[in-house]
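Naming convention: chains lettered A, B, ... in sequence-line order (proteins, then strands); numbering from 1 in each chain.
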Number of protein chains: 4
Amino acid sequence: MNKQKIIGVIGAGDAGEEDLKLAQAVGEDIALRGYTLLCGGMGGVMEAACRGAKSQHGTTIGILPGNSKEDSNPYIDYPIVTGMGHGRNVIVAGSSDAIIAIGGSFGTLSEIAFALRLEIPIIGLKTWDVSSNIKKAQTPEQAVKLAIGLIGSNT
Amino acid sequence: MNKQKIIGVIGAGDAGEEDLKLAQAVGEDIALRGYTLLCGGMGGVMEAACRGAKSQHGTTIGILPGNSKEDSNPYIDYPIVTGMGHGRNVIVAGSSDAIIAIGGSFGTLSEIAFALRLEIPIIGLKTWDVSSNIKKAQTPEQAVKLAIGLIGSNT
Amino acid sequence: MNKQKIIGVIGAGDAGEEDLKLAQAVGEDIALRGYTLLCGGMGGVMEAACRGAKSQHGTTIGILPGNSKEDSNPYIDYPIVTGMGHGRNVIVAGSSDAIIAIGGSFGTLSEIAFALRLEIPIIGLKTWDVSSNIKKAQTPEQAVKLAIGLIGSNT
Amino acid sequence: MNKQKIIGVIGAGDAGEEDLKLAQAVGEDIALRGYTLLCGGMGGVMEAACRGAKSQHGTTIGILPGNSKEDSNPYIDYPIVTGMGHGRNVIVAGSSDAIIAIGGSFGTLSEIAFALRLEIPIIGLKTWDVSSNIKKAQTPEQAVKLAIGLIGSNT
């Protein structure tokens with residue numbers, strides 16, 4: 001009996017091409033290394049990361065803001081329906097063993113703030129620079145490697 | 001790409017022997033038939049159902065009231081940390097494609113009420129009799145069969 | 001410095017004439033006796049109770065499910081915006097020193113369940129009969145009197 | 001019938017002397033000008049602001065993280081009990097017509113992020129500098145004046 005280790009990926013629902021490429025590569029790498037990917041379940045960075053993870057046969061969890069599983073992106077295995085709007089951001093942060101933040105909007109900033117408050121490790125890829133506790137990565141591979149280094153192996 | 005279909009199991013954290021046996025058998029049957037089990041992640045009926053599911057190599061999700069994954073029962077694969085106390089009950093109800101209610105405390109009643117409000121199918125095993133929309137089952141096998149009949153196959 | 005004592009009024013957003021009359025009379029009496037009325041902030045029983053309270057120059061708080069103060073009924077002094085949908089029901093229950101339940105839908109039942117779980121006194125006026133811990137009242141005046149008897153004077 | 005206009009005050013639960021003085025002066029000025037003060041209901045900046053408001057016979061609302069009104073600071077008139085931990089921060093942000101942020105921890109940062117996301121005006125007094133949408137004030141009086149200028153008179 002072992003809890004699966006979860007890496008959260010956070011970023012904007014409407015992101016630019018560069019962020020989407022980073023997110024997809026992060027998702028691929030999380031899956032390849034055998035970790036579960038959790039996100040806010042919607043589009044943009046969230047969808048790109050899940051698409052990457054599913055392309056490598058990974059597992060994905062989406063913490064949805066709305067009331068319907070139909071609203072989730074198509075790469076979510078386990079849609080969690082909160083109906084709590086932005087309030088679900090604290091669940092995204094709290095349910096991750098480590099978080100990789102990519103680019104980011106104000107919603108992403110709220111998740112970073114909660115993660116810092118809850119002392120959950122954060123890796124940043126071109127994201128908000130609000131604390132020295134956010135470890136900076138230069139590439140998706142480095143981001144995933146840093147995250148895994150902080151949470152240990154998934155066994 | 002297919003969302004996994006989820007059957008929620010709800011019931012008291014401190015339940016009697018009979019309810020625990022029912023819960024374990026329900027969990028076993030959910031796993032044997034290839035569905036994911038979701039619950040509130042704690043002890044009693046929740047733990048018994050998860051123990052049953054894991055004994056058959058099923059998958060389990062726990063929507064935790066507290067702030068720590070350490071508080072979940074040992075049979076949870078994916079602990080979702082809400083920090084929202086009883087407020088997490090609406091997430092348990094909303095994230096289930098169908099719900100099996102076993103026995104039950106006031107917390108269970110709140111989940112039944114949310115499920116009725118959200119029009120999520122409920123099967124009852126010796127639980128609150130507050131609506132004709134709760135389908136009554138006599139055995140764990142019948143409960144799982146009724147649930148699956150309402151949500152369809154998991155493919 | 002004294003916290004104001006709060007009496008919650010819960011009931012359906014679409015209620016029949018009889019329930020609306022009961023709610024308005026309950027609201028009037030809460031205000032006349034100097035207590036603050038709290039509710040879910042929307043229409044039906046909630047609006048009728050607030051209309052009654054404001055007709056007697058009382059104070060009203062609405063715990064709103066949505067994201068906008070514009071959605072509240074026009075008799076709310078202090079709109080609290082949760083954006084949490086039905087999840088706000090646990091806040092309605094938890095923030096009341098005593099609750100008067102009038103008629104009721106499944107949403108009301110979830111609030112009653114939370115109040116029972118949180119051991120908050122409930123008075124019922126033609127509402128769900130799910131526990132002997134719900135004290136039954138025959139008239140609005142009796143309901144408010146029972147509530148005040150349980151929580152004491154507001155000084 | 002008019003909704004009362006609400007100014008939120010956010011800041012750390014354990015703040016330094018300077019922040020506490022700023023918060024008390026902000027609270028006094030909010031009350032003197034006839035607005036309602038809303039905060040997270042706990043200590044530090046929240047308590048200092050409420051103490052200031054009550055010294056001028058203002059009205060205060062506390063959105064509490066825990067399950068008990070006993071946990072609120074002694075200057076709260078209307079304690080709202082969420083039981084949702086840090087998740088209540090989105091309610092603090094969403095329920096304010098304008099927000100004054102003083103100093104600040106990661107919890108404050110999450111509230112600022114939500115306010116920016118929800119497009120609620122923010123005035124900053126020596127706080128997080130994460131967006132040009134945060135209007136900077138140099139004194140408590142200026143902060144309250146800026147807030148009132150953005151939300152209009154309370155009638």
What part of D:S131 is in contact with chain A, defined as an atom under 4.5 angstrom from a non-hydrogen atom: side chain, backbone, both or neither?
side chain
Hey, what do you get for CG (A:N89) to NE2 (D:H86), rounding to the nearest 0.5 Å?
14.0 Å
Separation of A:L109 CG from D:W128 CH2 (nearest 0.5 Å)
8.5 Å
Tell me, for A:L118 versus chain D, whether the close heavy atoms (under 4.5 Å) come from the side chain, the backbone, both or neither.
side chain
Look at D:L116, D:V90, D:V130 and state which one has the largest set of heavy-atom pairs under 4.5 Å with chain A.
D:L116
Name the option with the most non-hydrogen atom pairs under 4.5 Å to chain A; the candidates are D:S110, D:G107, D:S105.
D:S110
